[in-house]
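Read through the structure below, which is laid out as structure tokens, and then see the notes.
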Amino acid sequence: MNWTADAVLALAPDASSAKAARGLVSPAKWPLLGADTSAVWGECQGSGSKPYQAQVDLNGPAFRCTCPSRKFPCKHGLALMLLRASDPARFGAGPPPAWVSEWLASRTQKAEKKEQKAQATAAPADPQAAAQRAAQRWARMAHAAGELRPWLRDQVARGLGVLGAGQQQDWKTMAARLVDMQVPGLAQRLSEAGELVGSGADWPERVLHALGLLQLACEALERHAALSPAMRAELRVVLGWPFDKAEVLAEGETVCDDWLVIGQATEERDKLTERRVWLQGLRSGRRALVLDHAFVGKGFEQSWLTGHASDASLAYFPGAGALRALVQELHGAPKPVAPPASALEDEWMHVARRAAASPWVPLHPMLVGDAVFGREGEHWQVQAGGQRLPVAVSEEDGWPLLAHGGGKPLQVMGEWNGAALRVLSAWNAEGAWQRGAAA
């Protein structure tokens, strides 16, 4: 891939990282620079006695740096790639130093072990023993539903108006019991419902909706044997019984396409960093969600460029929602591609179909064309197709997006949660904007 400055900055976790990286684009700050066909490396002089060692595996791209930053990629990795894009002649072509070659070798070994594990998991197992273990787990989870249902009835019978700080401990205790009964997914949903109490004028409506979905999960669990395989797989995920990645790669529906990154979001939750990458199949028209987690301060193995498409094979997780997928194999370098046109009425149809297939899908990807982003009073909004959609966007992101659009139509991508559209990216003739970075 031809790494331009814009492509590098698109990987920045936020605008401040991009700005800091620009400030390091000076050869005087880099006593060592090198590159070959697979990696780029350099040493950047910081405030300490030893320079920071930054390196990039171009096959990912994947970043590593010895600095203490918790952002990923850090400013040193971004600056290194910016230097490479602006002045490749400064990078020596000799063999990489030991700290680079050892890191690349460890990545190769990790990939090989991952493949071996997938092959081992895919090996034939005792079907009778597996079925017995599954039946035992379904029985334990059904017992949990039997305890949760009367608790839910008690909350509604008592009335939402009496909920307050005094009831928070009761909800936490019930969530802890659900974890012990091997339904951590229900425990998380119950905890999130408790956090809604008192937050916003419409909190009773949102809490009742969350409790209703919990009740629906309990009813589905009690008759799980009668559900379709797709709905039973969806229920497993809701309950917190995930599918093994090796199982998905071996048995999931495989779709080969040019997958365009239309938006991505990164959030920190309980010392874990969650990254959601939304993809659009340019030939199939399918949408996909690549969901990754990493400990806070650690990076992800794969980096994605919003507005770039890669030839890849995806394996979809079982389930009725048909959104989450794993990357089986990347076949080529990403290339910049404009997102396909999409009408708002078509997006609503996709949302309706997914919601009808599974009521537990929390986020729906929407790609809205001819959308005008604006502000009315204290609220952000998007106007498209004769409709106004409420928008969830921070002030830090909202004003640059408003300037990027300039009151003219944009191609907007966001996550619809049933109440508002969280804008992640937007395009016009002048280029792209993405959440957390300058236009």
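Only this structure's heavy atoms are used, side chains among them; waters, hydrogens and symmetry mates stay out. Just so we're clear, the structure is a prediction, and the values are computed from it rather than from any experiment.
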Between [X] and [Y], does any side-chain donor sit less than 3.5 Å from a side-chain acceptor?
| X | Y | value |
| --- | --- | --- |
| Thr273 | His293 | no |
| Gln264 | Thr306 | yes |
| Lys335 | Ser310 | no |
| Ser342 | Glu347 | yes |
| Gln387 | Gln383 | no |

May I ask you to say whether [X] pairs ionically with [Y], meaning some side-chain N is under 4.0 Å from a carboxylate O?
| X | Y | answer |
| --- | --- | --- |
| Arg177 | Asp180 | no |
| Glu195 | Arg206 | no |
| Arg276 | Glu274 | yes |
| Arg107 | Asp57 | yes |
| Glu415 | Arg287 | no |

Report task. Please collect all salt bridge (charged side-chain N to carboxylate O under 4.0 Å, His left out) contacts where either partner lies in residues 209-219, sequence neighbours excluded, each pair once. Result ->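 Passing the test, one end in residues 209-219: Arg149-Glu219.
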
Does some side-chain heavy atom of [Y] sit less than 4.5 Å from a side-chain heavy atom of [X]?
| X | Y | answer |
| --- | --- | --- |
| Leu323 | Pro365 | yes |
| Leu344 | Met366 | yes |
| Ser313 | Val255 | no |

Query raised in the report: Parallel, tilted or perpendicular for Phe373 and Trp380, by the 30°/60° rule?
Result: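 If you compare the ring of Phe373 with that of Trp380, the planes turn out parallel.
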
Query raised in the report: Between Trp399 and Glu395, does a side chain to side chain donor-acceptor pair (under 3.5 Å) hold up when you go through it step by step?
Result: CA-CA 6 Å; Trp399 292 109; Glu395 295 290 296; 3.2 Å; yes

For the [atom1] atom on [X], are there more than 12 heavy atoms of other groups (residues, nucleotides or ligands in this structure) within a distance under 6.0 Å?
| X | atom1 | result |
| --- | --- | --- |
| Glu396 | CD | no |
| Arg223 | CZ | no |
| Glu345 | CD | no |
| Glu222 | CD | yes |
| His379 | NE2 | no |
| Asn428 | CG | yes |

Requested in this report: Evaluate the side chain to side chain donor-acceptor pair (under 3.5 Å) criterion for residues Ser16 and Lys75: first the C-alpha distance (whole Å), next the side-chain angles of each, then the deciding distance (0.1 Å), finally the verdict.
Outcome: CA-CA 9 Å; Ser16 61; Lys75 62 182 179 181; over 6 Å; no

Query raised in the report: Would Arg236 count as a cation-pi partner of Phe317, with NZ or CZ less than 6.0 Å from the six-membered ring centre and within 45° of the ring normal?
Result: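 Output no; distance or angle outside limits.
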
